[in-house]
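Residue indices begin at 1 and follow the sequence shown.
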Amino acid sequence: MTFVIEAARPDDSAWLGPLLLRAWLQTYPNPEVGIDEGWIREHRSSSVTAEGITQWREFIEAANQQPDLLFCRVVRSESEIVGVLCGRRGEVVTLGPMYLLNHVQGQRLGGRMMTEFFTWAGAAPICLWVTDYNESAVRFYQRHGFKITGERELWQGRLPNLRMTRDVASSISHS
């Protein structure tokens with residue numbers, strides 16, 4: 001299967017909300033912390049509403065108008081969008097969201113997306129939040145030069161997240 005990574009287009013907004021909800025349902029259920037399908041749908045289903053789609057459209061349009069400040073790339077297969085990586089430039093660069101659907105992971109698409117993101121970010125330090133029990137994502141970011149800072153948060157009072165940062169001097173191992 002062929003995949004193309006490219007700048008998101010406004011019409012992609014209808015795909016991105018459902019993509020994120022699907023990725024959350026694949027990634028985050030965890031009975032130990034009380035996160036199940038119902039909790040995910042309660043907190044993330046707004047992304048598939050007309051309002052959520054409009055928010056994505058507005059972000060994509062802004063990213064296309066201000067590419068120095070906003071970043072949004074999608075991964076397309078022949079039939080659907082299977083991944084997304086966005087970011088913002090402020091005092092530091094913030095990475096997120098970044099998702100690839102399970103069936104396309106392990107094909108180096110994440111590394112290709114990160115390479116494009118690093119090119120866009122330039123020499124700026126980068127920060128992100130990652131769910132602490134999403135061990136494959138934590139390892140992925142570590143392979144790409146990110147370090148856990150020790151800062152933590154509970155998103156919506158339940159989802160345990162770790163802060164990770166990448167300094168300019170970090171070395172990258174694309175694996």
Face-on cation placement of R44 at Y28 ring, 6.0 Å and 45° thresholds: no
Heavy atoms of other groups near E78 CD, more than 12 under 6.0 Å: yes
Linked, directly or transitively: I35 and L20 (ILVMFWY side chains, under 4.5 Å): yes
Under 3.5 Å donor-acceptor, E61 side chain and P10 backbone: no
Side chain to side chain, V138 and D132, heavy atoms closer than 4.5 Å: no
Minimal non-hydrogen separation, I60 against S13, with atom names: CD1-N, 4.0 Å
Side-chain donor/acceptor of E151 to backbone N/O of R163, under 3.5 Å: no
Approximate separation, where rounding is to 0.5 Å, of S77 OG and H103 NE2: 6.0 Å
Distance-minimising heavy-atom pair for C127 and T165: CB-CG2, 3.9 Å
Side chain to side chain, R166 and V93, heavy atoms closer than 4.5 Å: no
Ring geometry between W39 and W155 (parallel below 30°, tilted from 30 to 60°, perpendicular above 60°): perpendicular
Check: R22 side chain, L101 main-chain N or O, donor-acceptor pair, under 3.5 Å: no
Whether R89 side chain and D68 backbone form a donor-acceptor pair below 3.5 Å: yes
Same apolar cluster (I L V M F W Y, side chains within < 4.5 Å links), L25/I81: yes
Rounded distance [0.5 Å steps], OH in Y133 versus OG1 in T27: 9.0 Å
Any donor-acceptor pair under 3.5 Å from R73 side chain to M113 backbone: no
Exceeds 12 heavy-atom contacts within 6.0 angstrom, atom CD of E51: no
From CA spacing to verdict: salt bridge (charged side-chain N to carboxylate O under 4.0 Å, His left out), K147, D167: CA-CA 9 Å; K147 300 200 178 334; D167 294 324; over 6 Å; no
Single-linkage hydrophobic cluster L69~W56, side-chain heavy atoms < 4.5 angstrom: yes
Closest non-hydrogen atom pair, F59 against C72: CE2-CB, 3.8 Å
Intermediate values then yes/no, side-chain contact (heavy atoms from CB on, under 4.5 Å), F146 and V130: CA-CA 11 Å; F146 288 86; V130 61; over 6 Å; no
Heavy-atom check, side chain of W15 versus side chain of V84, under 4.5 Å: no
Min side-chain heavy-atom separation L154-P160 under 4.5 Å: yes
Hphob cluster co-occupancy, L21 + L16, side-chain heavy atoms under 4.5 angstrom: yes
Check ion pair R57-D11 (N to O, under 4.0 angstrom): yes
Distance-minimising heavy-atom pair for G83 and L100: CA-CD2, 3.8 Å
Approximate separation, where rounding is to 0.5 Å, of E116 CD and I5 CD1: 5.5 Å
Aromatic plane relationship, F117 with F71 - under 30° parallel, 30 to 60° tilted, over 60° perpendicular: perpendicular
Cluster check V48, W24: I/L/V/M/F/W/Y, side chain < 4.5 angstrom: yes
Heavy atoms of other groups near Q156 CD, more than 12 under 6.0 Å: yes
A14 versus P18, closest heavy-atom pair with distance: O-CD, 3.3 Å
Distance, nearest 0.5 Å, that separates CG of L85 from CG of L109: 12.0 Å
Distance in Å, F140 CZ paired with M164 CE, rounded so as to fall on 0.5 Å steps: 10.5 Å
Residue that, paired with L162, satisfies side-chain contact (heavy atoms from CB on, under 4.5 Å) out of T131, N134, L128, I148: I148
Closest non-hydrogen atom pair, N64 against A7: OD1-CB, 4.4 Å
Atom pair CZ (R9) and CZ (R76), whose distance is rounded to the nearest 0.5 Å: 3.5 Å
